[in-house]
Amino acid sequence: MSDQQKDDRRKAPGDDRGAATQGLENIIAGREEKLARLAEAAPAYPYRFDRTHRSHEIRAAATTLMESQERVRFAGRLMAKRGMGKTMFAPLDDEWGRLQVYFKKDDLGPEAFKRAQKLLDLGDVIGVEGHLFETRTGELTIHVERFELLAKALRPLPEKYHDMSVELKSRRRHLDLAMNLETRERFRRRSAIVTELRRHLDEAGFLEVETPALQPLYGGATARPFVTRHNALDMELYLRIADELYLKRLIVGGLDRVYEIAKDFRNEGMDRTHNPEFTMLEAYAAYWDYHDMMDLAEALLRRLGERFGEDGTITYGEHTIDVSRPFARVRFMDALVEATGEEVGALDDAALADLARSRGVKIKPGMGRDRVLDELFSELVEPTLIQPTFVMDHPKELSPLAKDHREAEGLVERFELFVCGFELANSFSELNDPREQRRRFEAQMTLAAAGDDEAQQLDEDFLEAMEHGMPPTGGIGIGVDRLIMLLCDCHSIRDVLLFPAMRPEGRQERPGFSEDWQRKADDDQAADQAGQEA
RNA sequence: GGGCCGCUAGCUCAUCUGGUUAGAGCAUCUGCCUUUUAAGCAGAGGGUGCCUGGUUCGAGUCCAGGGCGGCCUACCA
């Protein structure tokens, strides 16, 4: 574009005759022009602004502040302009809410008033100083004596009376946050919930730790991993699907209550309850068993219900969840028997498969008997578990890291906590016999060989650690995003993730990722070698 | 992965069975307005109708392929 053309484009909004503004480009050009004019009066991008109050603090202290007539300094984003000739009202949003400000020509002087009236745009971030008053309709308002631009919005805000599209909210979360106080509050609440989780575990004597996200072997759960590559080590690494195997090594080492709140990565489908990266809380306590972990889970939920629910209950869609009372406890097999009306445990494999098929459960070749039970359970029982319910004592084959049940043959000491039909927590008395653990891994490998693509890998380093002696241990994993969904009455995981995974829009040219990346890695390696030889 | 639905101005949406110049509200621009509340009044501008092909005298509209999204479903936590 020539300078002449640029000038023509920029002339538009400033000129009284106004060459027509058209489209986004000219809106931006117009705002750039206004920015230039504002910059004549004051720095366009000042370095700081001293606020005396935030919006909620002004509201809380409103009576006193109005009496004292003291000056407050407040900053936020300009959300509307209601100009009335020689005065102007404008709502200003900060993180905590909205506060109206009032510009008056007689008080500001003609130049400053004109700047506010003509050169400020919706979306601009400004700081104001003035005293508080109430309008005749009772709206708390700052009477502006001075204001300054803190950042110009060169692009227009979305329309304010209709909801932004779901896609736009997710792709441009900054706009969703800027436009919707509820969104800001939701993510503040998420943070508060996570803080509360930490506080509870800290108070219970747990130590927060960090373990590798890049792992040479993936384990601790059944899922397909993301694969990445370490150039210097010249090896493939996996993004963790769980922290479990590392946390247990810490138990071996004598850190006897540990937890980690971390992103796990699973290379699987995405939907309303699944995102490729998600946040998991895992906690392990030496000398505990799964009964102790049930107590912990119950106490956690109760505490969160007290803090974030109403009277110990949580509203989720049409359901009212009571977390104040002890949770129901039901054995896995008993729940299946009740759901099917059949003595499931007594059926032989063929009869079991027939039963499953008759209930619409798809049986794939290579699925072991316990996998069939698990599918049946998912299909028939899970959706019915609305109130908090511990489902306990699962079939052994499904739980290669859990300890044999102390009484029941073929079962392990495990529980899953279900609320509103989805799994919130998974826990066991951790298997701590290294020889048994090896046998379980080997059984998994047999399943893998038989075509079970979810079977777990044998982790020799983990086994070696266990061979040094791992105390009896209780462990639990809690899906943090789902917990947040429950406590925020959100029905899509996207609503509780600031930046949910989305396909790129393709509005920017993207490099041919994998090939360029690999080529660069090779180049780097060649350069390193050349450097060493030199 | 499969099915259904959607994609039109910066945003939210109209545009009937293919047919003049694709409309509205908000936002923008010009003018008026000294306590407004989705402020108001008068006027103006703003469109690659997701992309690529096809059918047709004529396509935002019909057909095919592709892209992105939503819902349901499958897999999973």
Side-chain angles (χ1 to χ4, degrees), chain A residues 12-31 33-34 79-91 98 100-108 113 117-118 121-123 133-139 141 143 153-172 175 179 221-224 241-242 264-281 362 364 374-375 378 382 416-418 422-426 453-454 477-483 485 491-494 502-507:
Chain A
D15 280 352
D16 286 335
R17 291 302 107 219
T21 43
Q22 40 193 306
L24 183 57
E25 265 188 31
N26 281 24
I27 289 176
I28 292 174
R31 289 177 175 224
E33 169 65 22
K34 291 180 192 170
M79 299 306 285
K81 281 165 75 182
R82 292 192 281 272
M84 310 190 46
K86 297 185 178 57
T87 64
M88 182 171 76
F89 288 92
R98 171 168 296 182
Q100 180 168 264
V101 301
Y102 175 63
F103 299 87
K104 188 175 173 186
K105 189 173 184 178
D106 292 348
D107 298 335
L108 277 168
F113 183 74
Q117 190 184 43
K118 298 285 186 189
D121 283 302
L122 304 200
F133 75 107
E134 254 180 22
T135 64
R136 58 170 75 128
T137 50
E139 171 115 11
T141 305
H143 190 125
L154 296 174
R155 289 176 181 274
L157 249 21
E159 194 236 352
K160 56 195 163 192
Y161 311 126
H162 298 89
D163 229 3
M164 294 161 64
S165 65
V166 174
E167 178 175 2
L168 203 63
K169 280 187 181 189
S170 300
R171 283 198 195 279
R172 308 262 201 286
L175 290 181
M179 295 304 294
T222 50
R224 295 215 307 277
I241 58 171
D264 288 347
F265 305 86
R266 298 190 184 176
N267 207 341
E268 286 161 357
M270 14 191 314
D271 62 24
R272 216 174 52 257
T273 55
H274 297 83
N275 196 68
E277 52 180 301
F278 62 100
T279 302
M280 177 73 90
L281 162 64
K362 291 190 190 93
K364 280 175 277 186
D374 191 42
E375 293 292 330
S378 302
E382 279 184 25
E416 293 176 290
L417 172 59
F418 288 91
F422 56 70
E423 183 190 335
L424 210 58
N426 183 24
D453 58 1
E454 292 185 348
I478 296 176
V480 173
D481 306 298
R482 289 185 177 178
L483 183 64
M485 284 168 67
H491 299 254
S492 169
I493 197 168
R494 266 195 315 263
M502 299 204 81
R503 284 197 168 81
E505 266 178 305
R507 50 206 278 277

Taking only the P atom of each, what is the distance from rU28(B) to rG18(B) in whole angstrom?
39 Å
Please measure how far the C1' atom in rA14(B) lies from the corresponding atom in rU8(B), and state the result in whole Å.
9 Å
Considering every strand and a 4.0 Å limit on heavy-atom distances, what is the contact class for N426(A): base, sugar-phosphate, or nothing?
nothing
Scan N267(A) against the nucleic acid and name what it touches under 4.0 Å (heavy atoms): base, sugar-phosphate only, or nothing.
nothing
Proximity to the side chain of E375(A) - top-ranked nucleotide from rC75(B), rG69(B), rU35(B):
rC75(B)
Compare the minimum distances between each of rU34(B), rA77(B), rG10(B) and the side chain of K104(A), then state the nucleotide with the smallest one.
rU34(B)
Could you work out the separation of rA74(B) and rC4(B) based on their C1' atoms and round it to a whole Å?
15 Å
Holding to ring-ring contact (aromatic ring centres under 6.0 Å, His included), I want the full list of residues that pass it with H162(A), two or more places apart in sequence or in another chain.
none
Which nucleotide, rG31(B), rG10(B), rG70(B), lies nearest any side-chain atom of R494(A)?
rG70(B)
Between D106(A) and K86(A), does at least one N-O distance fall below 4.0 Å, as a salt bridge requires?
no
Using the C1' atom as the reference point in each nucleotide, state the distance between rC51(B) and rC33(B) in Å, no decimals.
48 Å
Output, in order, the C-alpha distance, side-chain angles, deciding distance and verdict of side-chain contact (heavy atoms from CB on, under 4.5 Å) for Q100(A) and T135(A).
CA-CA 10 Å; Q100(A) 180 168 264; T135(A) 64; 3.8 Å; yes
What string of B, S and - do you get for nucleotides 36-42 of chain B 5' to 3' if you count protein non-hydrogen atoms under 4.0 Å?
BBBB---
Between rU21(B) and rA39(B), how many Å separate the two P atoms, rounded to a whole number?
37 Å
Students often get this wrong, so: under 4.0 angstrom with heavy atoms, is M502(A) touching a base, only sugar-phosphate, or nothing?
sugar-phosphate
Taking pairs as Watson-Crick (N1-N3 plus N6-O4 or O6-N4) or G-U wobble (N1-O2 and O6-N3), each distance under 3.5 Å, the stems of three or more consecutive pairs with RNA chain B are B:1-7 with B:67-73, B:10-13 with B:23-26, B:28-32 with B:40-44, B:50-54 with B:62-66
Describe the nucleic acid contact of S170(A) in one word from base, sugar-phosphate, nothing, applying a heavy-atom distance below 4.0 Å.
nothing
Looking at R224(A), is its backbone amide N or carbonyl O close enough to the side chain of E268(A) to form a donor-acceptor pair, meaning the two atoms are under 3.5 Å apart?
yes
NA contact type, I28(A), heavy-atom cut-off 4.0 Å: base, sugar-phosphate, or nothing?
nothing
Name all residues meeting the side chain to side chain contact (heavy atoms under 4.5 Å, CB included) criterion together with T279(A); count only those two or more places apart in sequence or in a different chain, and write none if there are none.
R190(A), I261(A), K263(A), V480(A), D481(A)
How many Å lie between CD1 on I493(A) and C1' on rA77(B), as a whole number?
8 Å
Under the ring-ring contact (aromatic ring centres under 6.0 Å, His included) test, which residues partner Y102(A), sequence neighbours left out?
F89(A), F133(A), H143(A)
Shortest side-chain distance from D271(A), nucleotide among rU34(B), rA77(B), rU73(B):
rU73(B)
Taking only the P atom of each, what is the distance from rG40(B) to rA27(B) in whole angstrom?
8 Å
Among all residues two or more places apart in sequence or in another chain, which pass the side chain to side chain contact (heavy atoms under 4.5 Å, CB included) test with A425(A)?
L417(A), I476(A), I478(A)
Mind checking side chain to side chain contact (heavy atoms under 4.5 Å, CB included) for K81(A) and listing every partner two or more places apart, or none if nothing turns up?
L78(A), M88(A), L122(A)
Counterpart residues, salt bridge (Lys or Arg N to Asp or Glu O under 4.0 Å), relative to K105(A) (two or more places apart):
none
R272(A) side chain: which of rU35(B), rC72(B), rA77(B) is closest?
rC72(B)
Distance between the C1' atoms of rC57(B) and rG31(B), in whole angstroms?
47 Å
Classify K118(A) by what it touches in the nucleic acid, base, sugar-phosphate, or nothing, heavy-atom distance under 4.0 Å.
sugar-phosphate
Minimum-distance nucleotide to F133(A) side chain [options: rU35(B), rC33(B), rU73(B)]
rU35(B)
Any donor-acceptor pair under 3.5 Å joining the side chain of N26(A) to the base of rC29(B)?
no
Mind checking side chain to side chain contact (heavy atoms under 4.5 Å, CB included) for Q117(A) and listing every partner two or more places apart, or none if nothing turns up?
F113(A)
Regarding the side chain of L168(A), the nearest nucleotide among rA27(B), rG31(B), rC11(B) is rC11(B)
Checking T141(A) side chain against E139(A) main chain: does a donor-acceptor pair fall under 3.5 Å?
yes
